[in-house]
Amino acid sequence: MSHALAQYVPDASAKSLPLRRLEHLARGFAIADALMTFLENTRFDSSIEKAAEDARAAGATPEEIRAASNGLA
């Protein structure tokens, strides 16, 4: 299933230029926040995977590897 981004149309009631600029600025901040959240989660996932790999390489017990995989180590 493919998702196409909806065309952004400013609120028709926002007739003043400063208000339209504020709408665009708020939308930009929302996009930036979503991107930063995604990047932080990706980095966290990578660090958990590395911890599990390091635990395996160190000959950890299955419980220790499972804890590392769950981000508890």
Side-chain angles (χ1 to χ4, degrees):
M1 179 153 106
S2 153
H3 296 286
L5 292 176
Q7 180 77 20
Y8 174 69
V9 179
D11 184 4
S13 66
K15 296 188 188 312
S16 70
L17 183 59
L19 200 50
R20 284 192 299 235
R21 285 183 179 161
L22 188 58
E23 277 184 334
H24 288 280
L25 185 61
R27 186 167 188 259
F29 279 124
I31 291 169
D33 183 54
L35 179 60
M36 289 304 297
T37 300
F38 170 76
L39 292 174
E40 288 170 358
N41 289 341
T42 301
R43 184 177 55 205
F44 180 70
D45 290 345
S46 295
S47 66
I48 288 174
E49 289 172 14
K50 180 160 180 8
E53 288 173 12
D54 291 347
R56 280 188 202 92
T61 66
E63 291 80 21
E64 292 170 333
I65 294 171
R66 194 173 8 267
S69 296
N70 291 329
L72 303 173

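Within the 4.5 Å cutoff, the side chain of R21 has no heavy atoms near those of the H24 side chain.
Using a distance-only test at 3.5 Å, with no hydrogens or angles considered, no donor-acceptor pair links the side chain of E40 to the main chain of T37.
Atom CG of residue N41 and atom CE of residue M36 lie 11.0 Å apart, to the nearest 0.5 angstrom.
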